[in-house]
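Just so we're on the same page: letters track the sequence lines, and every chain starts at 1.
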Amino acid sequence: MKKFDGKAIFLDRNDINTDEIIPAKYLTEVTKAALKPYLLEDLKLEGFSTEQLADRNAVITKENFGCGSSREHAPWALEVNDINIVIAASFARIFRQNMYNCGMLAVELPEENIDELFRTFGGSGCSVKTDLENQKIKFISGNTELEYEFNISGFNKDLVKAGGWVEYADTRY
Amino acid sequence: MGKTIAEKIFEAHIVDRPVPETAVINLDAVFCHEITTPAAILDLKARGKKGVFDPSKIKAVIDHVTPAKDSKTATQGLILRNWAKEEGIKDFFDIGRNGVCHAIFPEKGFARPGYTIIMGDSHTCTHGAFGAFAAGVGTTDLEVGILKGVCSFQLPGTIKINITGKPASGVYSKDIILSIIKMLGVNGATDRVIEFTGEVVDAMTMEERMTLCNMAIEAGGTSGICYPDRITAEYLWDFIKDDYESVDEAVEDFRKWISDSDAEYVREISFDVSELEPVATFGYKPDQVKTIRELEGTEINQVYIGSCTNGRIEDLREAAKVLRGKKIADSVRGIVSPATPDIFKAALKEGIIDVFMEAGFCVTNPTCGACLGMSNGVLAEGEVCASTTNRNFNGRMGKGGMVHLMSPASAAAASLTGVITNSPLYTGRE
Ligand code: SF4
């Protein structure tokens, strides 16, 4: 199973789409590794620059993350940057399924939890600790700690544990 | 309790229910293009997996960048081409015979009522126009689809949109769907099927229904869907005439793919189009929609008419009505891309290509081209395009460019004046 812990980056916007996560002009790459330098290249967001991604392992964001194109290059671009988990108020369907299909984790939290996270850690940043088995996720910075439970269907959990949909489907269908 | 069309299709295709909210369904068709399929092919090879679940149910096309623009896109084409050959995939459309996936596959009769269809492309929802459940998926879902012929879906609830009234002349399917997306918002239909029904849809051609369903994903929808009827049967007749004695019989059979009157919906909306005006998007989200009147005077540099949304023959006809005998503004670059070779041929025969060329348009081969900013009409920083495509995201048609989505008639009108303007075909409400 992949790692779902580490330092988070906060992206304070709704509807961040897959063209922003990885622009179409890089879809000519056939290896995942080649996508690494281009993650979030087209994201226009105050205070954000792609250099900040260097030491991050998680994304915390708002509503409808990953909308638009079906390109799995979006989760791949995250993965090759060592980001295996995205925490958001909601996701677009295809992106969310692509995450589970790649053995990555899309964690949906209620809007008030996301707001609380932005209020508490938005400025300073925080690190994330995930307990997939018990469906709990912890956000920590200094002495401040917030913990939430999250929902994930037994099926998607199995995909994440199996390492993805190909592994899961191969043994069953 | 009755069932919706999506529920009926799911029920007929279920293979597994790993958890109550998720179904694994078998697939009637898996569509492939050269951008998202090569990674799946390479991964299958790396895993030592040969073979596909059924070569006759896999359809493949090179459409996004064609002819190839560089070594990388040539390689993507090569991977798809070689794989189609190795796996005995007969329905593979290479250059000269290729067109935009969501235009050429329906034209070949590959989308049918009651079908389940996936493709590594978000606008796969287009094929729901035929009464199919058709969903865009990522490369991993595509890979499993190719290998095993199955795909998993969270069971989607349905939003029913009953479209009523009489649209004014010059108001098109594109104006209707943009207005619906404005109402729903970009995530208003996430994990939902959008069922388009009502007198307006009943009267629509298949082309118009495809424009409608094409943009369901822009509201987050899993699939758009229309009920199959006589118009569907007539469109498909050449491909189904061995299965049915008559069109009537096909229509009768298709009735099994119509929602029951007591079906349960997540949401039911009545949408009256009588008052609708031509609209266009502003900003970088497809739910940012204003009337053309409100946007009037916005300067544009390029006009693009084409794509899986509005590159079909009826679209070219409407644009040609506006352009006939006129010249585009000096400040404008006009590009038209008929979405398939058959559409191109029909446009030639009808004199539509002449109209475009006389007006000063560049006519390209069938391709996605400028729609996703990979070739054939990329915008420079700060440039603006009036486009008949479906996505206006930041950077979509080139970094720093702005795209205003609109109908072909509105785009043609903008090409003549160099600014966003209502087409002469819109004569206002009666
Ligand atoms: S025309 Fe545009 S939206 Fe349609 S399949 Fe091609 S790139 Fe995608």
Side-chain angles (χ1 to χ4, degrees), chain A residues 14-20 23-32 34 41-44 63-76 89-104 151-159 164-170 172-173, chain B residues 15-16 18-19 21-22 24 35-36 38-39 42-44 47 49 64-65 70 72-73 75-76 79 119-124 135-144 147-150 152-154 156 186-187 190-191 217-218 220-222 284-285 372-374 378 391 393-396 398-399:
Chain A
N14 293 335
D15 308 314
I16 292 176
N17 64 60
T18 51
D19 275 76
E20 290 170 306
K25 60 176 182 259
Y26 303 120
L27 302 186
T28 58
E29 303 293 348
V30 287
T31 68
K32 293 182 186 180
E41 186 184 87
D42 272 354
L43 181 68
K44 277 206 193 106
E63 280 177 34
N64 200 27
F65 187 77
C67 60
S69 152
S70 65
R71 63 189 67 156
E72 206 159 299
H73 306 68
W76 295 339
S90 64
F91 291 94
R93 185 198 78 81
I94 304 175
F95 177 85
R96 187 187 59 212
Q97 198 58 47
N98 286 346
M99 288 287 281
Y100 298 135
N101 282 350
C102 292
M104 297 164 73
N151 287 324
I152 177 170
S153 81
F155 171 68
N156 289 328
K157 201 188 219 176
D158 285 345
L159 292 187
W165 171 230
V166 180
E167 288 76 1
Y168 180 98
D170 205 21
R172 282 180 179 76
Y173 307 112
Chain B
V15 178
D16 190 14
V19 291
E21 65 270 30
T22 299
V24 176
I35 299 293
T36 52
L42 295 180
D43 194 60
L44 284 172
R47 291 171 191 269
K49 306 247 175 245
H64 275 57
V65 185
D70 56 16
K72 283 182 176 168
T73 49
T75 304
Q76 288 181 310
I79 295 170
M119 178 173 197
D121 192 284
S122 62
H123 295 102
T124 306
V137 297
T139 289
T140 303
D141 271 335
L142 180 72
E143 184 174 335
V144 172
L147 189 66
K148 304 277 181 181
V150 299
S152 82
F153 286 97
Q154 198 172 308
V186 286
N187 59 350
T190 303
D191 285 316
I217 182 68
E218 305 311 328
T222 305
Y284 297 121
K285 293 199 302 168
L372 81 166
M374 281 181 82
V378 180
R391 228 164 236 167
F393 294 164
N394 187 12
R396 173 77 179 179
K399 198 170 181 137

Highest number of heavy-atom pairs under 4.5 Å with chain B among A/Arg96, A/Lys25, A/His73, A/Arg172 belongs to A/Arg96
Chain B shares the most heavy-atom pairs under 4.5 Å, among A/Glu41, A/Glu29, A/Lys32, with A/Glu29
Walk me through it: do A/Thr18 and A/Cys67 pass the test side-chain contact (heavy atoms from CB on, under 4.5 Å)? CA-CA 6 Å; A/Thr18 51; A/Cys67 60; over 6 Å; no
Select one option (side chain, backbone, both, neither) describing which atoms of [X] are under 4.5 Å from chain A's heavy atoms.
X	answer
B/Ile35	both
B/Arg391	side chain
B/Val24	side chain
B/Leu42	side chain
B/Val65	neither

Heavy-atom pairs under 4.5 Å with chain A, option from [options] with the top count:
options	answer
B/Gly395, B/Ser152, B/Gly221	B/Ser152
B/Gln154, B/Gln76, B/Met374, B/Met119	B/Gln76
B/Lys285, B/Lys72, B/Glu218	B/Lys72
B/Thr75, B/Thr36, B/Val186	B/Val186
B/Gly373, B/Ala135, B/Ser122, B/Gly398	B/Ser122
B/Val144, B/Val19, B/Val150	B/Val144

Where on [X] is there a heavy atom nearer than 4.5 Å to chain B: the side chain, the backbone, both, or neither?
X	answer
A/Asn14	neither
A/Asn101	both
A/Asp42	both
A/Ile94	side chain
A/Thr31	neither

Exercise. Does the ring-ring contact (aromatic ring centres under 6.0 Å, His included) test come out yes or no for A/Phe155 and A/Tyr168, once each step is laid out?
Worked result: CA-CA 10 Å; A/Phe155 171 68; A/Tyr168 180 98; 5.3 Å; yes
Could you check if a side-chain atom of [X] sits within less than 4.5 angstrom of a side-chain atom of [Y], using non-hydrogen atoms only?
X	Y	result
A/Glu72	A/Met99	no
A/Tyr100	A/Trp165	no
A/Cys102	B/Thr140	yes
A/Trp76	B/Thr139	yes
A/Ser70	B/Val137	no

May I ask you to establish whether A/Arg93 and A/Phe91 are in a cation-pi arrangement, using a distance under 6.0 Å from NZ or CZ to the six-membered ring centre and at most 45° from the ring axis?
-> no
query = What's the verdict on salt bridge (charged side-chain N to carboxylate O under 4.0 Å, His left out) for B/Arg47 and B/Glu143, showing C-alpha distance, side-chain angles and the deciding distance?
reply = CA-CA 11 Å; B/Arg47 291 171 191 269; B/Glu143 184 174 335; 3.6 Å; yes
If you apply the rule salt bridge (charged side-chain N to carboxylate O under 4.0 Å, His left out), what do you find for A/Arg71 with B/Asp121, and how did you get there? CA-CA 7 Å; A/Arg71 63 189 67 156; B/Asp121 192 284; over 6 Å; no
### Message
With side-chain contact (heavy atoms from CB on, under 4.5 Å) as the criterion, how do B/Phe153 and B/Asp191 come out once you've worked through the C-alpha distance, each side chain's angles and the decisive distance to 0.1 Å?
### Response
CA-CA 9 Å; B/Phe153 286 97; B/Asp191 285 316; over 6 Å; no
